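For reference, the structure discussed in these notes is given below.
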Amino acid sequence: MDHSDEVPSPGLMEAPPDPHAAQHVAAHVRTYLIVGATLLAFTVITVALSYVDFGLIFSHLFRTNLSEAQGRKANVAVAMLVAAFKAGLVAAIFMHLSAEKRLIYRILYFTVFFVLGLFWLTYLAWYNPIVR
Amino acid sequence: MEIPYTVVARRDTGVWNAKVGIWLFLASEVMLFGGLFSAYVFLRLDAGPGDWPHGVLNVPVGTFNTAILIISSVTVVLAWAALKMRQFTRYRIYMAITILCGVVFLVVKLGYEWPQKYVHFGARIKESELAKYEKYLGNQHLLAEGFAPRKEITGHLHNPQALHDPNIKEYEIALDPVNADPTNKKMDRPHFFYVPPTEKIGIVEKADVEYANMFLPKHSSYFATYFTITGLHGAHVLAGVLVFCYMLLPASTRLYRQNPEHLANRVEVAGLFWHFVDLIWIFVFPLFYLL
């Protein structure tokens with residue numbers, strides 16, 4: 001099917017693009033594909049790791065005897081580490097945070113501060129330090 | 001009215017306006033989902049042994065949906081790159097694939113995963129009556145193995161009228177494999193593949209039940225948080241799909257003709273939102289499906 005007559009020619013205001021910029025983007029396409037494949041691979045890894053008993057493994061490693069509940073916590077910790085790595089890839093590469101302007105980082109510093117504060121409040125509610 | 005700085009960076013902020021806008025919006029979104037996730041953490045930490053369900057969601061389907069979202073994240077960034085390189089046809093193809101992925105995700109979620117839960121039944125046995133249902137729960141076996149006890153009998157409700165009719169004194173449940181064969185070691189941990197309820201019917205007296213319901217939000221803290229978080233996430237997927245559809249309308253083609261960089265920036269901003277939605281799912285998937 002020939003699409004050529006449907007394709008509008010880009011406007012003159014900004015086009016043609018800075019050939020350097022277009023080349024820059026073209027060089028990144030490969031990176032995006034690699035990151036996508038990595039994310040898919042780590043999804044499989046996440047699923048596989050959830051069927052591994054990390055309580056047992058950590059018990060051997062640290063010569064202790066973790067209960068089933070503690071073992072589950074070990075699995076949660078491992079899964080969250082993998083998820084954080086995947087999220088970091090999405091943020092750094094797909095969302096271009098590896099090279100962004102200073103203002104965007106400043107907005108995110110505040111966000112990180114407040115969301116950590118939010119989880120800290122949750123922790124306080126659960127730990128209940130006043131009664132203790 | 002002409003919106004300024006759609007393409008050129010403002011000198012004081014260093015970026016074009018929409019980019020500041022979307023990041024401020026995403027910052028507020030982090031707080032929105034952060035609140036729900038912290039509620040999840042709180043409820044889960046507070047749940048006693050055996051109170052938090054495991055393995056009630058379909059893992060292969062969840063994995064499939066995760067892959068679909070990741071693929072759509074790649075295609076949306078490729079759509080943006082195509083625009084930057086002024087390849088309009090290619091841009092439209094990548095955008096169409098992205099929309100398709102979003103729709104598939106929603107259909108799987110709303111057409112399959114959620115409805116399966118609406119018809120799955122669970123009867124939570126009173127603490128004092130647990131021993132009476134040992135043949136369905138297998139708690140002696142679990143105790144010997146060092147596992148948390150089972151407190152709920154699940155499956156398909158054979159007599160749904162029992163939910164409303166006070167004259168019916170018991171629930172007849174087509175038992176899930178875990179309750180049909182509770183001392184089987186294979187039932188100690190969740191399965192990867194979904195195993196449907198068996199033919200075996202279990203009888204549970206209403207008087208012994210603390211509460212009984214379908215797998216709906218009111219069933220438990222687990223399903224309340226599951227439906228709230230995946231529901232809000234699904235609403236975000238829907239919003240993203242609608243925005244992407246606009247990016248394929250003639251209005252966007254006209255914009256491309258006038259100012260292609262402006263359209264590229266719009267796609268970038270919509271893409272940032274889409275990646276954020278993907279990022280949320282990266283945490284939702286293991287927390288609800290796997291752990």
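These numbers were taken from a predicted model, which means no experiment stands behind them. A, B, ... follow the sequence lines: proteins, then strands. Residue 1 opens every chain.
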| task | Pick one of side chain, backbone, both or neither for B:Phe276, based on which atoms fall under 4.5 Å of a heavy atom in chain A. | result | both
| task | Using a cut-off of 6.0 Å, state whether more than 12 heavy atoms not belonging to B:Ile3 lie near its atom CD1. | result | no
| task | Would you mind checking which part of B:Glu268 comes under 4.5 Å of any heavy atom in chain A, side chain (CB onward), backbone (N, CA, C, O), both or neither? | result | side chain
| said: Counting heavy-atom pairs closer than 4.5 Å to chain B, which one of A:Val76, A:Asn75, A:Leu33 comes out on top? | reply: A:Val76
| message | Please report the interatomic distance CG(B:Leu279) to CZ(A:Phe94), rounded to the nearest 0.5 Å. | response | 11.0 Å
| Between B:Leu263, B:Asp278, B:Ile280, B:Leu290, which has the largest tally of heavy atom pairs under 4.5 Å with chain A? | B:Leu290
| request: Hey, can you tell me if B:Trp80 and A:His96 have their rings parallel, tilted or perpendicular (30° and 60° cut-offs)? | output: tilted
| note | Between A:Val115 and B:Gly34 the two heavy atoms that sit nearest each other are CG2-CA, 4.3 Å
| field | Considering all heavy atoms, the nearest B:Ala27-A:Ile107 contact | value | CB-CG2, 4.1 Å
| said: Which atoms of B:Arg90 are under 4.5 Å from chain A, going by heavy atoms: the side chain, the backbone, both sets, or neither? | reply: neither
| query | chain A heavy atoms under 4.5 Å from B:Thr66: which part of the residue, side chain, backbone, both or neither? | reply | side chain
| Looking only at heavy atoms, what is the nearest atom pair of A:Leu118 and B:Gly35, with distance? | CD2-N, 3.3 Å
| note | Taken to the nearest 0.5 Å, the spacing of A:Arg72 CZ from B:His54 NE2 works out to 3.5 Å
| message | Checking side chain to side chain contact (heavy atoms under 4.5 Å, CB included) between A:Tyr32 and each of B:Thr75, B:Val77, B:Val76, which is the one that passes? | response | B:Val77
| said: Give me the atom names and distance for the closest heavy-atom approach of B:Gly14 to A:Lys101. | reply: O-CE, 3.4 Å
| query | Is the shortest heavy-atom distance from the side chain of B:Phe37 to the side chain of A:Phe119 under 4.5 Å? | reply | yes
| Over all atoms of both residues, closest heavy-atom pair of A:Val29 and B:Ala81 | CG2-CB, 4.0 Å
| task | First locate atom CG of A:Leu97, then atom NE2 of B:His275, and finally report the distance between them rounded to the nearest 0.5 Å. | result | 10.5 Å
| field | Residue A:Leu108 versus chain B: region with a heavy atom under 4.5 Å | value | side chain
| Heavy-atom pairs under 4.5 Å with chain B, option from A:Ala26, A:Gly71, A:Ser50 with the top count | A:Ser50
| CA sep, side-chain torsions, deciding dist, call: A:Met95, B:Trp23, side chain to side chain contact (heavy atoms under 4.5 Å, CB included) | CA-CA 10 Å; A:Met95 300 174 89; B:Trp23 276 111; 3.7 Å; yes
| query | In terms of heavy-atom contacts, does OH of B:Tyr194 have more than 12 from other residues, nucleotides or ligands at under 6.0 Å? | reply | yes
| query | Under a 4.5 Å heavy-atom cut-off, does chain A meet the side chain of B:Leu26, its backbone, both or neither? | reply | side chain
| Does some side-chain heavy atom of A:Met80 sit less than 4.5 Å from a side-chain heavy atom of B:Leu287? | yes
| message | As a quick check of understanding, evaluate side chain to side chain contact (heavy atoms under 4.5 Å, CB included) for B:Leu45 and A:Thr122, giving each step before the final call. | response | CA-CA 10 Å; B:Leu45 287 177; A:Thr122 308; over 6 Å; no
| query | Looking at A:Ala37, A:Ala91, A:Ala83, which makes the most heavy-atom pairs under 4.5 Å with chain B? | reply | A:Ala83
| With a 4.5 Å limit on heavy-atom distance, are the side chains of A:Val47 and B:Phe285 in contact? | yes
| field | Side chain to side chain, B:Val59 and A:Tyr51, heavy atoms closer than 4.5 Å | value | yes
| task | Answer yes or no: is there a side-chain heavy-atom contact under 4.5 Å between B:Arg189 and A:Asp53? | result | yes
| field | For chain B, which residues of residues 39-46 of chain A have heavy atoms nearer than 4.5 angstrom | value | A:Leu39, A:Leu40, A:Thr43, A:Thr46
| task | Apply side chain to side chain contact (heavy atoms under 4.5 Å, CB included) to the pair A:Glu100 and B:Lys19, showing each step before the final yes or no. | result | CA-CA 10 Å; A:Glu100 198 39 279; B:Lys19 195 163 223 174; 3.0 Å; yes
| query | Which answer fits B:Leu272, side chain, backbone, both or neither, if we ask what part of it has an atom under 4.5 Å from a heavy atom of chain A? | reply | both
| message | With a 4.5 Å cut-off on side-chain heavy atoms, are A:Phe114 and B:Val30 touching? | response | no
| Contact summary for B:Phe283 and A:Ala87, nearest pair of heavy atoms | CE1-CB, 3.7 Å
| Is it the side chain or the backbone of B:Asp46 that comes within 4.5 Å of chain A heavy atoms, both, or neither? | both
